[in-house]
Amino acid sequence: MNFKLSKSQIVLVIFFTVVIIDQVVKIWVKTSMYLGEEFNIFGNWARIHFTENEGMAFGMQFGGSFGKLLLSSLRIAAIAGFFWYIFRTIKKNMPTGFIICLTLITAGATGNLIDSAFYGLIFDDSYFKAATMFPPEGGYAGFLHGHVVDMFYFPIIKGTWPQWMPIWGGQYFEFFRPVFNVADSAITIG
């Protein structure tokens, strides 16, 4: 029996696999950890560290409440554009690897958009406790104002830059400092 997926089927399998894994991990972290809580998974250099990102990459914010709405609207438009482009590349019979890369980016963007769009509505906050899903008093924020859940932290190298080094001399250094999630990984790999 020869079983081969079409390019459209590959897109759907990858997209839903990434989004489902991303959401399962985020919901597990959100409902079983409090903000700032962490535990080691491989020594001290690989950790699960629960943090939330209110804005863009690396916690950057963009113009308060209006900026959050604008950013979410741009994300929705970008995801729609990526889907349109993916299916256009399928029709043009572009290489499967290229289509997979576009799909990973789209799935990652969708995973983070789900957090931003719905987590404020369906969870209470995670300060000093694990969040409750569908709390009776409602969520911590409105539609498109939720926070993106991040949890993977790999502080592999820590130290201080040598004093003789220009600009950074004597300052603390950590590689790899950002905390990220499955969706962020899919975007990066894509």
Side-chain angles (χ1 to χ4, degrees), residues 13-62 68 71-72 75 78-79 82 100-161 168 171-190:
V13 167
I14 290 171
F15 178 83
F16 286 110
T17 300
V18 169
V19 170
I20 289 168
I21 291 171
D22 178 62
Q23 291 303 305
V24 165
V25 172
K26 288 175 178 175
I27 290 169
W28 173 75
V29 166
K30 184 97 173 127
T31 58
S32 59
M33 297 176 73
Y34 57 86
L35 274 171
E37 185 177 5
E38 73 177 23
F39 61 88
N40 294 344
I41 47 178
F42 296 112
N44 286 330
W45 63 269
R47 303 177 191 167
I48 298 295
H49 176 90
F50 177 26
T51 188
E52 291 183 326
N53 182 342
E54 295 181 35
M56 302 180 282
F58 306 113
M60 293 184 292
Q61 295 191 9
F62 181 67
K68 182 79 169 160
L71 180 62
S72 294
R75 285 177 175 158
I79 291 166
F82 265 102
I100 289 170
C101 290
L102 292 173
T103 303
L104 287 169
I105 294 167
T106 307
T110 302
N112 285 337
L113 177 64
I114 290 169
D115 295 21
S116 182
F118 301 110
Y119 277 25
L121 296 170
I122 65 173
F123 291 106
D124 58 5
D125 66 59
S126 299
Y127 298 111
F128 310 110
K129 64 178 178 56
T132 303
M133 193 173 206
F134 303 114
E137 64 279 359
Y140 65 85
F143 181 62
L144 296 177
H145 284 84
H147 304 159
V148 176
V149 174
D150 292 323
M151 76 290 299
F152 298 121
Y153 178 44
F154 295 97
I156 298 169
I157 301 170
K158 294 180 182 181
T160 305
W161 289 106
W168 299 291
Q171 291 183 9
Y172 178 76
F173 169 80
E174 184 178 307
F175 178 84
F176 183 76
R177 178 177 231 118
V179 181
F180 58 98
N181 57 43
V182 172
D184 297 334
S185 300
I187 292 169
T188 302
I189 292 167

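- Residues Asn181 and Asn112 form a side-chain contact, since some pair of their non-hydrogen atoms from C-beta on lies under 4.5 Å apart.
- Across every non-hydrogen atom of Glu137 and Asp124, the tightest pair is OE2-OD2, 3.9 Å.
- Taking 4.5 Å as the limit, some side-chain heavy atom of Phe152 sits within range of a side-chain heavy atom of Ile48.
- Between His49 and Tyr153, the shortest heavy-atom contact is CB-CB, 3.9 Å.
- Note on ring orientation: taking the six-membered ring where Trp is involved, the planes of Trp28 and Phe39 are perpendicular (angle over 60°, cut-offs 30° and 60°).
- Partners of Phe50 by ring-ring contact (aromatic ring centres under 6.0 Å, His included), not counting sequence neighbours: none found.
- The side-chain heavy atoms of Ile27 and Tyr119, taken from C-beta on, include a pair separated by under 4.5 Å.
- Aromatic ring centroids of Phe118 and Phe143 lie under 6.0 Å apart.
- The neighbour count for Tyr127 OH, taken as heavy atoms of other residues, nucleotides or ligands under 6.0 Å away, does not exceed 12.
- Considering only heavy atoms from C-beta on, Phe134 comes within 4.5 Å of Ile122 through its side chain.
- The side-chain heavy atoms of Lys26 and Ile114, taken from C-beta on, include no pair separated by under 4.5 Å.
- Summarising the geometry of Phe123 relative to Ala131, their closest heavy-atom pair is CD2-CB, 4.1 Å, with the distance given to 0.1 Å.
- Here the closest non-hydrogen pair linking Glu37 and Ser32 is OE1-O, 4.2 Å.
- With hydrogens and angles disregarded, no donor-acceptor distance shorter than 3.5 Å links the side chain of Asp150 to the backbone of Thr51.
- Considering only heavy atoms from C-beta on, Gln23 comes within 4.5 Å of Asp115 through its side chain.
- The minimum heavy-atom distance linking Gly190 with Cys101 is given by the pair O-CB, 3.3 Å.
- Looking at heavy atoms from C-beta onward, Ile14 lies in side-chain contact with Ile100 at the 4.5 angstrom threshold.
- Enclosure of atom CZ in Phe42 is not indicated, since only 12 or fewer non-hydrogen atoms of other residues, nucleotides or ligands lie within 6.0 angstrom.
- Using a 4.5 Å heavy-atom threshold, the side chains of Met133 and Lys30 count as separate.
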